[in-house]
Amino acid sequence: MTRPVPSITAIALVSGGLDSCVALAEAVHRTAGEVAALHAGYGQRTESRERRAFLEIADHYGLAHRREVDLRYLRQLGGSSLTDRTIPMPGEDLCADEVPSTYVPFRNASLLSAAVACAEVLGAPEIYCGAHAPGSPYPDTRPAFFGAFGRLVDAATPPSVRIGVRTPLLHLDKAAIIRRGMQLGAPLGLTWSCYVDTESPCGDCHSCRLRSRGFAAAGLPDPLESRC
């Protein structure tokens, strides 16, 4: 059996996006020991650019412990415009109660499952995830999902293992997440949100629009724009 790393107190899921960056900042702020960063590639359109953002964010925090996992089976399964270029990206006419084509079936459960396994191997008692419910159309970003997943973790791990899934941003909207990130000194300019391009943000995809509106609502400039 692999021996745990005693100094690791949390695993942070870091996609390279804005929300996961702030969740990592929360983990660093809240925990006394070292934080390990976990990144997953799942065959998304901007996989290489998101990985670059992950590495730059991890460098910013000087994280010695990093893990990368391959979840490209999600692309093989299909069903999302993030992994299948033949499926069009959603437009501005998306209904508020409609699940957009950018939803990747059961993605968050897959990501969290990898994080739980990583936490169990490294002996970390906590996992930090940047999911948030306000303004999100995805079913796997809701409080009910995380409550159920927490119960699954308790049932699926040995009695001696206690792993908590922390979602510090769950009840915050994008503007509040940005403000919190600025308070924590999170390197938001290193993050990548665009679903389409890898050179410069397209400014039109669902994620780009959410980011732009979030910074506008927060009354702050987007630091990424100065890097592009």
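Please read all numbers here as calculations on a predicted model, not as lab measurements.
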Determine the minimum heavy-atom distance between [X] and [Y], stating which atoms define it.
| X | Y | value |
| --- | --- | --- |
| Cys202 | Asp197 | CB-OD2, 3.4 Å |
| Pro137 | Arg142 | O-NH2, 4.0 Å |
| Ser15 | Gly17 | OG-N, 3.0 Å |
| Ala12 | Val35 | CB-CG1, 4.0 Å |
| His60 | Gly185 | NE2-O, 4.0 Å |
| Pro105 | Leu74 | O-CD2, 3.9 Å |

Validation row: [X], [Y] side chains within 4.5 angstrom (heavy atoms):
| X | Y | result |
| --- | --- | --- |
| Leu122 | Arg67 | yes |
| Gln44 | Ser80 | no |
| Tyr195 | Met89 | yes |
| Pro125 | Ile163 | no |
| His171 | Pro143 | yes |
| Val104 | Leu77 | no |
| Thr191 | Leu224 | no |
| Arg66 | Asp59 | yes |

In the single-linkage hydrophobic clustering (I, L, V, M, F, W, Y; side-chain heavy atoms under 4.5 Å), do [X] and [Y] co-cluster?
| X | Y | answer |
| --- | --- | --- |
| Val161 | Val153 | yes |
| Ile8 | Val69 | yes |
| Val22 | Tyr61 | no |
| Met182 | Leu18 | yes |
| Val196 | Ile87 | no |

(message) Filter on side chain to side chain donor-acceptor pair (under 3.5 Å), then keep only pairs touching residues 153-169, sequence neighbours left out; what's left?
(response) Glu126-Arg166

(message) Any side-chain to backbone donor/acceptor pair from Ser212 onto Arg209? Under 3.5 Å, distance only.
(response) no

(message) Which residues pass the side chain to side chain contact (heavy atoms under 4.5 Å, CB included) test with Ala23, not counting sequence neighbours?
(response)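 Checked Ala23 against side chain to side chain contact (heavy atoms under 4.5 Å, CB included); matches are Leu169.
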
Going from [atom1] on [X] to [atom2] on [Y], what distance comes out if it is rounded to the nearest 0.5 angstrom?
| X | Y | atom1 | atom2 | result |
| --- | --- | --- | --- | --- |
| Ile57 | Leu188 | CD1 | CG | 8.5 Å |
| Leu184 | Glu26 | CG | CD | 5.0 Å |
| Phe215 | Leu220 | CZ | CG | 7.0 Å |
| Arg180 | Leu172 | CZ | CG | 9.0 Å |
| Leu111 | Phe106 | CG | CZ | 11.5 Å |
| Glu50 | Trp192 | CD | CH2 | 10.0 Å |

Applying salt bridge (Lys or Arg N to Asp or Glu O under 4.0 Å) as the test, list every pair that has at least one member in [range]; sequence neighbours left out.
| range | value |
| --- | --- |
| residues 10-25 | Asp19-Lys174 |
| residues 127-140 | none |
| residues 102-111 | none |

(request) Could you check whether the rings of Tyr138 and Tyr103 sit parallel, tilted or perpendicular, using 30° and 60° as the cut-offs? (result) parallel

(request) Run the numbers on Asp173 and His132 for side-chain contact (heavy atoms from CB on, under 4.5 Å), then give the verdict. (result) CA-CA 7 Å; Asp173 62 17; His132 65 101; 5.8 Å; no

(message) Pair Tyr128, Ile11 - check side-chain contact (heavy atoms from CB on, under 4.5 Å), show working.
(response) CA-CA 6 Å; Tyr128 276 75; Ile11 306 294; over 6 Å; no

(message) Applying side-chain contact (heavy atoms from CB on, under 4.5 Å) to Glu68 and Leu55, what does each step give before you reach the verdict?
(response) CA-CA 10 Å; Glu68 296 185 51; Leu55 293 173; 4.2 Å; yes

(message) Looking only at the side chains, is there a donor atom on one of Ser193 and Arg211 sitting less than 3.5 Å from an acceptor on the other?
(response)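 Yes - a donor-acceptor pair under 3.5 Å links their side chains.
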
(message) Would you say Ser81 and Thr102 are linked by a side-chain donor-acceptor pair, where the criterion is simply a distance under 3.5 Å?
(response) no

(request) Check the pair Tyr73 / Ser110 against side-chain hydrogen bond (donor to acceptor under 3.5 Å, both in side chains), numbers first and verdict last. (result) CA-CA 10 Å; Tyr73 67 84; Ser110 297; 2.9 Å; yes

(request) Check the surroundings of atom CZ in Arg75: do more than 12 heavy atoms from other residues, nucleotides or ligands lie under 6.0 Å from it? (result) no

(request) Run the numbers on Cys205 and Cys194 for side-chain contact (heavy atoms from CB on, under 4.5 Å), then give the verdict. (result) CA-CA 7 Å; Cys205 71; Cys194 185; 4.1 Å; yes

(message) Per the ring pair (Phe, Tyr, Trp, His ring centres under 6.0 Å) rule, what does the pair list look like for residues 34-53, sequence neighbours excluded?
(response)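 Counting only pairs at least two positions apart or across chains, the ring pair (Phe, Tyr, Trp, His ring centres under 6.0 Å) contacts touching residues 34-53 are His39-Phe54.
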
(message) Less than 4.0 angstrom from a charged side-chain N to a carboxylate O is my criterion; do Arg72 and Glu47 meet it?
(response)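 Looking at Arg72 and Glu47, the cut-off is met.
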
